[in-house]
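The next block holds one structure in the form of structure tokens; read it before the comments.
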Number of protein chains: 2
Amino acid sequence: MPKQLPLTALDACCSPLAREPLSEEQAVELSRLFKAMSDPVRLRLLSLIASHAGGEACVCDLTGAFDLTAPTISHHLKVLRESGLITGERRGTWVYYRVHPEMLARLSAVLVPGEETVPA
Amino acid sequence: MPKQLPLTALDACCSPLAREPLSEEQAVELSRLFKAMSDPVRLRLLSLIASHAGGEACVCDLTGAFDLTAPTISHHLKVLRESGLITGERRGTWVYYRVHPEMLARLSAVLVPGEETVPA
DNA sequence: CGTCTATATTGACAGACCTCTAATTAGGTA
DNA sequence: TACCTAATTAGAGGTCTGTCAATATAGACG
């Protein structure tokens with residue numbers, strides 16, 4: 001069972017970065033998400049999962065795309081999972097991951113210079 | 001004079017993360033931007049600059065918001081500058097920074113699940 | 001020129017991060 | 001039970017990062 005994320009900064013606000021200065025708490029929460037996306041392998045994993053048929057991908061679908069060992073892929077998936085960007089579910093032998101699109105949408109809304117909040 | 005950024009991935013594409021798998025090059029470029037934003041201090045700097053009156057802020061406007069030494073702030077500004085997210089200009093005694101809003105808009109477009117490209 | 005203030009650079013150090021190998025857990029099948 | 005595969009966890013090594021004190025650079029002003 002993947003543990004769930006806090007995300008008060010993104011919940012409460014989604015006021016864009018440029019509207020008013022971020023509080024330290026908001027900055028800490030946001031920075032955690034950006035840090036999760038600050039690695040090329042994790043970005044590609046995220047993209048592979050998000051663009052995979054059915055909106056989900058088995059770990060076995062992912063490992064082949066990289067010159068990395070399975071434990072390394074597993075590590076990156078764990079980072080993405082703990083950031084709240086993806087969730088994983090075991091079904092039989094395999095573990096399937098899918099992205100949290102609302103999370104991406106909220107992040108997107110924070111970045112856009114002049115826009116309003118995207119309603120949940 | 002701050003050096004200028006490459007950004008082919010963001011220039012050429014802006015196809016969202018979920019449309020098709022990111023190439024390794026695109027992932028590397030994007031990850032550089034996200035890494036620049038993966039620190040709470042840098043996020044707050046970005047936000048302080050973006051939301052400051054006139055769209056720009058002097059370093060002297062920024063240091064007061066943190067319990068950090070001037071060299072540390074200067075270091076973070078350099079990281080943001082080299083990522084292409086901000087530019088700095090010296091006018092007399094002070095150095096003024098402003099954000100590149102197109103950069104934020106493009107990043108935002110990459111994240112949003114189903115949208116089209118934001119034209120430059 | 002000399003001096004003061006505003007930023008930036010250098011160099012060092014502690015902690016975090018990415019990767020690997022080796023070992024472990026979970027489920028399927030005989 | 002035993003054995004095989006899928007995936008994760010544990011631990012170690014090398015690199016990167018955030019912070020500081022000390023130093024350097026740039027401009028303003030006597």
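Quick note on labels: first sequence line is chain A, next is B, and so on, each numbered from 1. No hydrogens, no waters, no symmetry mates; every other heavy atom, side chains included, goes into these values.
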Whole-Å distance, B/I73 CD1 to D/dT17 P, equals 18 Å

Polar atoms only, N or O, under 3.5 Å: list the protein pairs with nucleotides 20-24 of chain D and their distances.
residue	atom	partner	partner atom	Å
D/dC20	OP2	B/T69	N	3.0
D/dC20	OP2	B/T69	OG1	3.1
D/dC20	OP2	B/T72	OG1	2.8

**Presence of B/K35 side-chain N/O under 4.0 Å of D/dC16 phosphate oxygens OP1/OP2** = no

*So, A/S74 side chain and A/A70 main chain: donor-acceptor pair closer than 3.5 Å or not?*
no

Separation between CG (A/L46) and CG (A/L85), nearest 0.5 Å, reads 6.0 Å

DNA chain C: first to last nucleotide in contact with chain A (atom under 4.0 angstrom from a heavy atom), 5' to 3', is C/dC17 to C/dG28

| B/S108 (side chain) donor-acceptor with A/S108 (main chain) under 3.5 angstrom | yes

Q) So what does A/Y97 hit on the nucleic acid, given a heavy-atom distance under 4.0 Å: a base, only sugar-phosphate, or nothing? A) sugar-phosphate

When A/D39 and B/S74 are each assigned the nearest nucleotide of DNA chain C, the 5'-most assignment goes to B/S74

Side chain to side chain, B/L107 and B/M37, heavy atoms closer than 4.5 Å:
yes

- Task: Kindly say whether B/F66 contributes a backbone atom to a donor-acceptor pair with the side chain of B/R44 at under 3.5 angstrom?
- Result: no

Separation of D/dG11 atom C1' from A/K78 atom NZ, nearest Å, is 13 Å

Rounded to whole Å, CZ of A/F34 lies from C1' of D/dT17 at a distance of 19 Å

Q. B/K78 versus B/E82: any side-chain heavy-atom pair under 4.5 Å?
A. yes

Separation of D/dT5 atom C1' from A/R90 atom CZ, nearest Å, is 10 Å

To the nearest angstrom, the CG-P distance between B/L43 and D/dG18 comes to 12 Å

Assign each of A/V79 and A/T93 the nucleotide of DNA chain C bearing its closest heavy atom; nearer the 5' end lies the nucleotide of A/V79

Interatomic distance, CD@B/E20 vs CG@A/L48, rounded to 0.5 Å, equals 11.0 Å

#### Entry: Side-chain touch A/L17/B/S47, heavy atoms, less than 4.5 angstrom
yes

inquiry  = Please determine whether a side-chain nitrogen or oxygen atom of B/R42 lies at a distance below 4.0 Å from atom OP1 or OP2 of D/dG18.
reply    = yes

Charged tip of B/R81 within 45° of B/Y97 ring normal and under 6.0 Å: no

